[in-house]
Protein chains: 2
Amino acid sequence: MKLKEFAKQLGLSPTTVSRALSGYPEVSEKTRKRVAEEAVRLGYRPNVNAVRLVTGRAGAIGVVMGRNGEFQFSEYMSGMAERLDSQDIDILVSPIAEQGGKDESQLYSRLATSGRVDAVIIHSPMPNDERIALLHRLGMPFLVHGRSETEVPHAWLDIDNEGAIRRATSHLIDLGHRRIAMINGRAGLTFSLHRDQGYRKALEQRGIPFDPRLIAHGHFTDELGFRFARSFLEQSPQPTAFVAGSMMTVLGVYRAVRSFGLVVGRDVSVIAHDDVFPYLTADNMVPSLSTTRSSLRAAGARSADLVLQLLSGKPATEIHELWSVELILRESTGPVPHSDAIPDKTG
Amino acid sequence: MKLKEFAKQLGLSPTTVSRALSGYPEVSEKTRKRVAEEAVRLGYRPNVNAVRLVTGRAGAIGVVMGRNGEFQFSEYMSGMAERLDSQDIDILVSPIAEQGGKDESQLYSRLATSGRVDAVIIHSPMPNDERIALLHRLGMPFLVHGRSETEVPHAWLDIDNEGAIRRATSHLIDLGHRRIAMINGRAGLTFSLHRDQGYRKALEQRGIPFDPRLIAHGHFTDELGFRFARSFLEQSPQPTAFVAGSMMTVLGVYRAVRSFGLVVGRDVSVIAHDDVFPYLTADNMVPSLSTTRSSLRAAGARSADLVLQLLSGKPATEIHELWSVELILRESTGPVPHSDAIPDKTG
DNA sequence: TTGAAAGCGGTACCAT
DNA sequence: ATGGTACCGCTTTCAA
């Protein structure tokens, strides 16, 4: 059913019908109501492609997905979807090309110039991210999930990674830990850097020297969690605590600790960042896991909001949101067990 | 840059340029090459919305995401994205409405009648799935990831869930297990039913009575894996083996087994279905986990292929693909330990 | 308050 | 092999 046909059935002009459906004020209330009812009854829906062509709006937000299907992705997307449910806006997931390569910028150029999206959301930015410069140059509105340090103005939503890890590390220090190992995300990404900084600042505050042998970077996988944790535990002296980047990482860390005949929460403390997944929860781990927590789903929902604001004209420079992170202590963190623990006297 | 303007710069008509870019045969090779080069140089890209309007094709495939961000989602999407990378086809993730409610059918109607997608992919179908009837009625091409038992003709790609679980269960029986617990997916979904059938057939073949107290259904979460496994282990006699529906489930199962002071692979055997995730692997579990394995990423890629075939005119009734599943034995499965094991003499 | 008509940016039929 | 032009289905001036 097309507009013209639908209008004819109502005995109105396409113009009036279009206006009625779009909520223009000059249509009489009576007419508007009748049109709305009949549209439902007869199943009339505007052809989105015609609307998009004539209005110049795509009615879609682009999300570029990393190559290796990250487990965090669906949680974030669910949040976005939830928020956009009421709006008539689509989410476009882009077949992504190689990491940071030429292909990737081509992808963004294509997205921008072909008019299939009104805005783009970028994930896992780097401090000096090319994509940000590129999208800015192309004039495509975008939101950064995470942050960058580039001069280029950009809207962003991020969690306080530095603060979260600083508090987590400080807490471990308070418990008497001195050799604290850190299993962080991929090197070079802003959030990994922020977490590194949080870790180092906490040590610094207490005058504990930073030991590069106690820090590792890589994807958030069970396997890397295990391998890194094992290699740390092979050191002498052993670390007595771990700060892990994700729930998946922690699975590997727990296994590694057990494989050394040690007990998490007694011999070794573990704390990790939790993005809150319905299928894997910190409370249910044994022992239950102390975490820095921030809902990724909520971030997705809020991201959708912010993009909408961006599209309705709010300047990118005014869209900066930093979320604080909860620190939730459970059973996986405890005092240093051995007599060689040096109680802290400075704080 | 618009077609008209671009054509003028080349000293050609819009018609010729359009044809050259779309690879029509009647354009001279020389012209085609020049047009292609200049398009890159001047950055000309057809406005997709204009193209969509005039051709009637949306250039997008719709995927409806479940409400609760399932962890499998990103893996499947990655596969699709990988496959569609070369094509100029978008993936539209729909803000999903309630499970099977009116909202959901409205969502599909909207997708179908508004022309934003050329085809839709349906997940987690039920034996008599309303969505299938609906999409068929609406004339929207669709692929079912999984299967249904409806009369309505539909294209589908599925893995052999029944065969996989039958083999897994048979293997456990071969090892001497008689009380085998099954933690399956959500009740009512086709794949859960198929797995139930595989489980029951394996028992039947060996004359082992089916005990409804040994089967449970629910979401694939760590927590449910734990709770179900514990409640099974509280029974007397205890089950000596578990068939689990997913990698997340198995995390809970392992924990539950340990909480009873039992050892997986010695006191209790465990086997699970593995969709193959980069972040959580069967090989790395302790003990390593025996699995029925099938790549969800590959399924995503193949799904994209099949949808493309569907769109190029292949009848839905000719698109039926059933993938067999690998059975991979690792350390989590072993013979029944106790003397009360009754060796099987029938097979 | 309503309607007529001019596009939005392409594609593809019909000529040449 | 190339060009002129009538659409695709809708929004939005402009006029009534």
Side-chain angles (χ1 to χ4, degrees), chain A residues 1-36 38-39 42-60 88-90 110-118 311, chain B residues 1-36 38-39 42-60 88-90 110-118 311:
Chain A
M1 164 103 50
K2 308 169 193 316
L3 173 60
K4 211 171 157 186
E5 188 185 343
F6 177 55
K8 193 168 290 173
Q9 296 214 17
L10 291 182
L12 290 168
S13 74
T15 312
T16 304
V17 172
S18 170
R19 279 198 277 239
L21 254 25
S22 306
Y24 275 55
E26 61 263 56
V27 181
S28 79
E29 197 47 52
K30 199 172 152 189
T31 307
R32 178 197 319 296
K33 206 179 152 204
R34 189 162 73 94
V35 171
E38 290 295 285
L42 298 175
Y44 169 72
R45 298 209 147 273
N47 177 311
V48 284
N49 295 318
V51 175
R52 287 169 180 178
L53 175 58
V54 70
T55 60
R57 273 176 268 120
D88 204 38
I89 297 204
D90 297 326
R110 240 185 41 199
L111 271 180
T113 58
S114 67
R116 61 189 92 205
V117 295
D118 295 316
L311 291 178
Chain B
M1 166 95 57
K2 310 172 192 312
L3 174 59
K4 212 171 157 185
E5 187 186 343
F6 177 55
K8 194 168 290 173
Q9 295 215 19
L10 290 181
L12 288 169
S13 74
T15 311
T16 303
V17 172
S18 170
R19 280 197 277 239
L21 254 24
S22 307
Y24 276 53
E26 60 261 61
V27 181
S28 80
E29 197 47 52
K30 200 171 154 189
T31 308
R32 177 196 319 294
K33 206 179 154 205
R34 190 163 73 93
V35 172
E38 290 295 286
L42 298 175
Y44 169 72
R45 298 210 148 271
N47 177 312
V48 284
N49 295 319
V51 175
R52 287 169 180 178
L53 175 59
V54 71
T55 60
R57 273 175 269 120
D88 202 40
I89 297 202
D90 298 326
R110 240 185 43 200
L111 272 180
T113 57
S114 68
R116 59 188 95 203
V117 296
D118 295 317
L311 290 178

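Below, all heavy atoms of this structure are taken into account, side chains as well, without hydrogens, waters or symmetry copies. In what follows, chains carry the letters A, B, and so on, assigned in the order in which the sequence lines appear, proteins first and then strands, with residues in each chain numbered from 1.
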In whole angstrom, what separates [X]'s [atom1] from [N]'s [atom2]?
{"X": "A:Asn47", "N": "D:dC7", "atom1": "CG", "atom2": "P", "answer": "18 Å"}
{"X": "B:Leu53", "N": "D:dA6", "atom1": "CG", "atom2": "C1'", "answer": "14 Å"}
{"X": "A:Arg116", "N": "C:dG10", "atom1": "CZ", "atom2": "C1'", "answer": "14 Å"}
{"X": "A:Tyr44", "N": "D:dG9", "atom1": "OH", "atom2": "P", "answer": "10 Å"}
{"X": "A:Leu3", "N": "D:dT11", "atom1": "CG", "atom2": "C1'", "answer": "9 Å"}
{"X": "B:Arg34", "N": "D:dA1", "atom1": "CZ", "atom2": "P", "answer": "16 Å"}
{"X": "B:Leu10", "N": "D:dT2", "atom1": "CG", "atom2": "P", "answer": "12 Å"}
{"X": "A:Glu26", "N": "C:dT2", "atom1": "CD", "atom2": "C1'", "answer": "9 Å"}

Next on the checklist: Using the side-chain heavy atoms of A:Ser28, tell me which of these nucleotides is nearest: C:dT1, D:dT11, C:dG3.
Outcome noted: C:dT1

Next on the checklist: Students often get this wrong, so: under 4.0 angstrom with heavy atoms, is B:Arg45 touching a base, only sugar-phosphate, or nothing?
Outcome noted: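 It contacts sugar-phosphate atoms only.
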
Next on the checklist: Please classify the nucleic acid contact of A:Phe6 as base, sugar-phosphate, or nothing, using heavy-atom distances under 4.0 Å.
Outcome noted: nothing

Checklist entry - Between B:Pro14 and B:Pro25, who's closer to the 5' end of DNA chain D by nearest nucleotide? => result B:Pro25

Measure the [atom1]-[atom2] distance between [X] and [Y] for me, rounded to the nearest 0.5 Å.
{"X": "B:Met1", "Y": "B:Phe6", "atom1": "CE", "atom2": "CZ", "value": "7.0 Å"}
{"X": "B:Arg110", "Y": "A:Arg45", "atom1": "CZ", "atom2": "CZ", "value": "6.5 Å"}
{"X": "A:Arg34", "Y": "A:Lys30", "atom1": "CZ", "atom2": "NZ", "value": "8.5 Å"}
{"X": "A:Glu38", "Y": "A:Leu21", "atom1": "CD", "atom2": "CG", "value": "11.5 Å"}
{"X": "A:Leu3", "Y": "A:Tyr44", "atom1": "CG", "atom2": "OH", "value": "4.0 Å"}
{"X": "A:Ile89", "Y": "A:Asp118", "atom1": "CD1", "atom2": "CG", "value": "6.5 Å"}

When you measure from the side-chain N and O atoms of [X] to the phosphate of [N], is any distance below 4.0 Å, counting only OP1 and OP2?
{"X": "A:Tyr24", "N": "D:dT12", "value": "yes"}
{"X": "A:Ser18", "N": "D:dC10", "value": "no"}
{"X": "A:Thr16", "N": "C:dG3", "value": "yes"}
{"X": "A:Thr31", "N": "C:dT2", "value": "yes"}
{"X": "B:Thr15", "N": "D:dG3", "value": "no"}

Checklist entry - On DNA chain C, nearest-nucleotide positions of A:Gly11 versus B:Pro46: which is more 5'? => result A:Gly11

Checklist outcome for this item: Rounded to 10°, the angle between the first-five-pair and last-five-pair axes of the helix from C:dT1-D:dA16 to C:dT16-D:dA1 is 30°

Checklist entry - Any donor-acceptor pair under 3.5 Å linking the side chain of A:Arg116 with the backbone of A:Leu111? => result no

Next on the checklist: The test is salt bridge (charged side-chain N to carboxylate O under 4.0 Å, His left out); show your working for A:Arg32 and A:Glu29 and say whether it passes.
Outcome noted: CA-CA 5 Å; A:Arg32 178 197 319 296; A:Glu29 197 47 52; 3.6 Å; yes

Checklist entry - CZ of B:Arg57: more than 12 outside heavy atoms within 6.0 angstrom? => result no

Which atoms of nucleotides 14-16 of chain C (N or O only) lie under 3.5 Å from a protein N or O atom, and what are those distances?
none

Next on the checklist: Taking the side chain as everything from C-beta on, heavy atoms only, tell me whether A:Asn49 gets closer than 4.5 Å to A:Leu53.
Outcome noted: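 Answer no - side chains too far apart.
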
